[in-house]
Student: 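Input: one structure, supplied below.
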Amino acid sequence: MGSRANNDNLVVSVLQATENEEEAVPKTPPIRPQSKRRKVAVETETLQAVRIPTIPSVTNIEAMEQGNFPKLSIDVRVHRSLSTDSNLYSPTSSPRSRRESFLATPQLRTAIFHHEDCLKHRSISTHQEAPERVSAIFRKLRGLEVDSGGFLSESVHIRNDVPCATRAMLEYAHSRKYVDFVYNLHQKMNSSDSGTAVPFTPRVQRQLGRAVKDEKRCDTFFSSSTLKAALRGAGAVTKAIDTVVNGTYKNAFVAVRPPGHHAGLNGLLQNATSCGFCIFNNVAIGAKHALTKHSKKIQRVAIVDIDVHHGNGTEEIVKQKFCDPDSIFFASIHLYDSTSHLENGKKNSFEFYPGSGKFSDTAKNVLNIPITPLWKKPRRSKRGISALSTSTNPDFETYSEDNMGASGFRKQVTETLVPALKGFKPDIILISAGFDTGKDDIGCCKWEAGASCSGMDLQPEDYEWTTVQINDIAKSCGALVVSVLEGGYGKYTRVGKKVSISRESFASNVCAHIHGLTL
């Protein structure tokens, strides 16, 4: 999650959606040709808004969670093919055979966990981390469901029966002092009944006895409904882990907010300038829950963070809250840029939030994989390299396109992340799934002279490919997979003087990730 002032006029709740409402979304730009990457065409249509589905059969679900599965006489394996001239979500097998396969073996399905309370957490009206993020995902899923002839209803099951995390669960990752602080702030917010969101980071700083930032520059907010949303988010992760460990589903995706990977032991890290939109660290809580509740089945947990920002909160918790390094592995692949150099005769300092994640800590099983932002690629003119030179920019000499953009991301996944995961041999992999690595996403943009420059350029096929790589490792290790939504916001659009956020690219990236989970 980035920390940057933004304009957002699309704060729309899923609860406000009706079956008859339609929303026109902009067309996804054509996918650029790649010689060595699988190309997938994503069709975009006018999508129909949809309510989050209710649970079809709680009795059957409860029976499965207790281990009472239908007896199987055959081993069903579902194969799907993707090509540039077919829909991303169109399987090759007939609808009847797919439906029969999934009905006969519910363990083949991917669960999506969500709760409407997560939509009630509020920031300021122009904020990019808004309820519309989640509603956009479900609108996109609804559109893909129609396009694919019911494929998603067979391979994906949406669940909204998620509990609130308990205080004991919160203390898996956070100090008791911080948990008490959040609860006390919640009580103050409800007693005042103002209905407005207040800056969160300055209050955490004050509680920790640190210098307090200007509230006008704060990017993380707390409202009267934030605590319940955060508790549902952490509770949804633990519920997803329970159902996957018990064999109810093949894997799961948790679509909740606020995000969590920047929340450290005491909320705000020592050198951090922002809480990064986070309250509680959902993935860290889930990791400790898996090791505690399911200790007979889960002895080794891997957390893989693919958000564009370093998972600094998760790293701190992994180092301080997990006593046995052999039980936990944390990897974060993210943009890193923290420079101070002369440009046009002036000292120019820049730090891409949170400014950490340059070095790994092998003794603690922490692997950081920094990616060079695309904005560090030398700008060229007729005279040659004009904006950068080795004398003014110390990073110029280490500049390499091999560690930039989608190609650099894939290379690091293949050559660094995959071997490390295989060596650790996890029992479960938790994905901190951030989608702000998407091309032109608000979260990965650097702003200069009123214009933005994107630091990453991932497309839907990159997210599906990454998910498949992680799934393949899980299969080779006999591990389970649960993915949790972190960042990703969409792109700024302008119509005349009106600036808003289009969530289409974000939703497409999330759905490509979900499709990768179903394969």
Student: Should we count CG of N271 as having more than 12 external heavy atoms under 6.0 Å?
Tutor: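 Count not over threshold, so no.
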
Student: Hey, is the main chain of K188 close enough, under 3.5 Å, to the side chain of S191 for a donor-acceptor pair?
Tutor: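 Confirmed, S191 side chain pairs with K188 backbone.
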
Student: Within the supplied structure, the quantity of interest is the number of heavy atoms (other residues, nucleotides, ligands) at a distance under 6.0 Å from R217 CZ; does it exceed 12?
Tutor: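 Check fails, neighbour count at 12 or below.
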
Student: Decide yes or no for C275 and V204: does some side-chain heavy atom of the first lie under 4.5 Å from some side-chain heavy atom of the second?
Tutor: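 In short, these two side chains touch, coming nearer than 4.5 Å.
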
Student: Closest heavy-atom contact between L430 and G286?
Tutor: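 That would be CD1-C, 3.9 Å.
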
Student: Could you tell me whether a side-chain N or O of Y353 sits under 3.5 Å from a main-chain N or O of T273, the two making a donor and an acceptor?
Tutor: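 Checked: no pair found.
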
Student: Is it true that D337 and K376 make a salt bridge, defined as a side-chain N closer than 4.0 Å to a carboxylate O?
Tutor: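 A salt bridge is present here (some side-chain N lies under 4.0 Å from a carboxylate O).
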
Student: Are side-chain N/O atoms of Q412 and N403 paired as donor and acceptor at under 3.5 Å?
Tutor: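 Yes, N403 and Q412 have a side-chain donor paired with an acceptor closer than 3.5 Å.
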
Student: Return the NZ to CG distance between K439 and L458, rounded to the nearest 0.5 Å.
Tutor: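 Here the rounded value is 11.0 Å.
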
Student: Can you find a side-chain donor-acceptor pair between T493 and S500 that sits under 3.5 Å?
Tutor: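 Checked: T493/S500 side chains pair up, N/O donor to acceptor below 3.5 Å.
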
Student: What I want to find out is whether D161 reaches R159 closely enough, with some N-O distance under 4.0 Å, to be called a salt bridge.
Tutor: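 Salt bridge between D161 and R159, a charged N being under 4.0 Å from a carboxylate O: yes.
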
Student: Can you list the steps and then say if H174 with V182 is a side-chain contact (heavy atoms from CB on, under 4.5 Å)?
Tutor: CA-CA 11 Å; H174 303 290; V182 175; over 6 Å; no

Student: Scan residues 255-284 for pairs that pass salt bridge (charged side-chain N to carboxylate O under 4.0 Å, His left out), counting only residues two or more places apart or in two chains.
Tutor: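 Every salt bridge (charged side-chain N to carboxylate O under 4.0 Å, His left out) pair that includes a residue of residues 255-284, provided the two are not neighbours, is E129-R257.
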
Student: Taking the side chain as every heavy atom from C-beta outward, state whether T437 and D462 have any atom pair closer than 4.5 Å.
Tutor: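 No. Closest side-chain heavy atoms not under 4.5 Å.
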
Student: Could you check, using the six-membered ring where one of them is a Trp, whether W375 and F350 have ring centers closer than 6.0 angstrom?
Tutor: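 W375 vs F350: aromatic centres under 6.0 Å.
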
Student: Could you pull out all residues at least two apart from Y463 that satisfy ring pair (Phe, Tyr, Trp, His ring centres under 6.0 Å)?
Tutor: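 With neighbours one apart ignored, the set is F435.
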
Student: Is any side-chain heavy atom of Y183 closer than 4.5 Å to a side-chain heavy atom of L170?
Tutor: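 In contact.
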
Student: Side chains of M404 and I371: does their closest heavy-atom pair fall under 4.5 Å?
Tutor: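 Of all side-chain heavy-atom pairs linking I371 with M404, none is under 4.5 Å.
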
Student: Between W447 and F352, does the ring centroid distance fall short of 6.0 Å?
Tutor: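 Ring-ring flag for W447/F352: false, centres at least 6.0 Å apart.
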
Student: Just by modelled atom types, is the V413 backbone N or O under 3.5 Å from a matching donor or acceptor in the T416 side chain?
Tutor: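 Between the backbone of V413 and the side chain of T416 there is no qualifying donor-acceptor contact (under 3.5 Å).
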
Student: Verify whether one side chain among H261 and N281 offers a donor that lies under 3.5 Å from an acceptor in the other.
Tutor: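 Distance-only check fails for H261 and N281.
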
Student: Return yes if some donor-acceptor pair links the side-chain N/O of H114 with the main-chain N/O of A255 below 3.5 Å, else return no.
Tutor: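 A pair under 3.5 Å: yes.
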
Student: Step by step, would you call S135 with E132 a side chain to side chain donor-acceptor pair (under 3.5 Å)?
Tutor: CA-CA 5 Å; S135 61; E132 174 60 14; 2.6 Å; yes

Student: Can you find a pair of side-chain heavy atoms, one from L227 and one from F222, that are under 4.5 Å apart?
Tutor: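 Yes, at least one pair of side-chain atoms sits under 4.5 Å.
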
Student: Determine whether a donor-acceptor pair (N or O, by modelled atom type, separation under 3.5 Å) exists between the side chain of D305 and the backbone of D307.
Tutor: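 Yes.
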
Student: Under a 3.5 Å cutoff, is there a donor and acceptor pairing between the side chains of N251 and T110?
Tutor: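 There is such a pair (donor and acceptor under 3.5 Å, judged by atom type) between the side chains of N251 and T110.
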
Student: How close do I317 and A263 get, heavy atom to heavy atom, and via which atoms?
Tutor: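 Distance-wise, the nearest heavy atoms are CD1-O, 3.4 Å.
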
Student: Mind checking what makes ring pair (Phe, Tyr, Trp, His ring centres under 6.0 Å) contact with Y336, not counting sequence neighbours?
Tutor: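 Partners of Y336 under the ring pair (Phe, Tyr, Trp, His ring centres under 6.0 Å) test: none.
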
Student: Taking only residues two or more places apart in sequence or in another chain, which ones pass side chain to side chain contact (heavy atoms under 4.5 Å, CB included) with D117?
Tutor: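 D117 satisfies side chain to side chain contact (heavy atoms under 4.5 Å, CB included) with H115, K120, K228, R232 once adjacent residues are dropped.
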
Student: Report yes or no: does R133 contribute a side-chain atom to a donor-acceptor pair with the main-chain N or O of G488 at less than 3.5 Å?
Tutor: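 Yes, R133 side chain to G488 backbone: donor-acceptor pair under 3.5 Å.
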
Student: Report yes if some heavy atom in the side chain of M456 is under 4.5 Å from a heavy atom in the side chain of D441; otherwise report no.
Tutor: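 With C-beta onward as the side chain, the pair stays apart.
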
Student: Is a side-chain donor-acceptor pair under 3.5 Å present for N368 with E315?
Tutor: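 Result is yes, a qualifying pair exists.
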
Student: Before giving the answer on salt bridge (Lys or Arg N to Asp or Glu O under 4.0 Å), spell out for K140 and E504 the whole-Å C-alpha distance, their side-chain angles and the decisive distance to 0.1 Å.
Tutor: CA-CA 8 Å; K140 187 68 176 177; E504 170 66 10; 2.8 Å; yes

Student: Which heavy atom in A331 sits nearest to a heavy atom in L417, and how many Å separate them?
Tutor: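 Closest pair (atom of A331, atom of L417, distance): CB-CD1, 3.7 Å.
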
Student: Locate the shortest heavy-atom distance separating G311 from S332; write the atom from each residue and the value.
Tutor: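 Nearest pair, atom of G311 first, then S332: N-OG, 3.4 Å.
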
Student: Examine H310 together with H334 and report whether their ring centres are nearer than 6.0 Å.
Tutor: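 Yes: the rings meet the under 6.0 Å criterion.
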
Student: Drop me the distance from F506's CZ to L485's CG, to the nearest 0.5 angstrom.
Tutor: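 Output value for this atom pair is 5.0 Å.
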
Student: Begin with the C-alpha distance, continue with both residues' side-chain angles, and end with the deciding distance and a verdict on side-chain contact (heavy atoms from CB on, under 4.5 Å) for V283 and V482.
Tutor: CA-CA 9 Å; V283 165; V482 172; over 6 Å; no

Student: Quick check for you: to the nearest 0.5 Å, what is the distance between K377 atom NZ and C453 atom SG?
Tutor: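 If we round to the nearest 0.5 Å, K377:NZ and C453:SG are 10.5 Å apart.
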
Student: Quick one: side chain to side chain contact (heavy atoms under 4.5 Å, CB included) partners of E316, sequence neighbours excluded?
Tutor: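 Per chain and number, E316 pairs via side chain to side chain contact (heavy atoms under 4.5 Å, CB included) with L265, L269, Q320.
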
Student: Look at E215 together with R203 and state whether they make a salt bridge at an N to O cut-off of under 4.0 Å.
Tutor: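 Yes.
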
Student: Distance from C444 atom SG to L374 atom CG, nearest 0.5 Å?
Tutor: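 Here the rounded value is 8.0 Å.
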
Student: Grab the two heavy atoms, one from L517 and one from S483, that are nearest each other, plus how far apart they are.
Tutor: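 The answer is CD1-CB, 4.3 Å.
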
Student: Among side-chain atoms of H186 and N190, is any donor-acceptor pair under 3.5 angstrom?
Tutor: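 Side-chain D/A pair, H186 to N190: present.
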
Student: I need the L519 CG to I514 CD1 distance, nearest 0.5 Å.
Tutor: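 Spacing of CG (L519) from CD1 (I514) equals 12.0 Å.
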
Student: Tell me, please, which residues at least two apart from S123 pass side chain to side chain contact (heavy atoms under 4.5 Å, CB included).
Tutor: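 Only H121, H127, F221 meet the side chain to side chain contact (heavy atoms under 4.5 Å, CB included) criterion with S123.
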
Student: Are T226 and F200 side-chain neighbours, meaning at least one heavy-atom pair lies under 4.5 Å?
Tutor: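 Sidechains of F200 and T226: no contact.
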
Student: Quick one: do the H262 and N312 side chains pair a donor with an acceptor below 3.5 Å?
Tutor: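 Distance-only check passes for H262 and N312.
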
Student: For T467 and E464, does a side-chain donor sit closer than 3.5 Å to a side-chain acceptor?
Tutor: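 There is no such pair (donor and acceptor under 3.5 Å, judged by atom type) between the side chains of T467 and E464.
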
Student: Quick one: closest heavy-atom pair of T201 and K213, and the distance?
Tutor: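 That closest heavy-atom pairing would be CG2-CD, 3.8 Å.
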
Student: Quick check on side chain to side chain contact (heavy atoms under 4.5 Å, CB included): which of S502, S454, S452, S505 does D440 satisfy it with?
Tutor: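 The residue from S502, S454, S452, S505 that satisfies side chain to side chain contact (heavy atoms under 4.5 Å, CB included) with D440 turns out to be S454.
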
Student: Any side-chain heavy atom of N160 sitting closer than 4.5 Å to one from E116?
Tutor: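 Contact flag for N160/E116 side chains = no.
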
Student: Roughly how far, to the nearest 0.5 Å, is CD of E486 from CZ of F277?
Tutor: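 Taking CZ in F277 and CD in E486, the distance rounds to 12.5 Å.
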
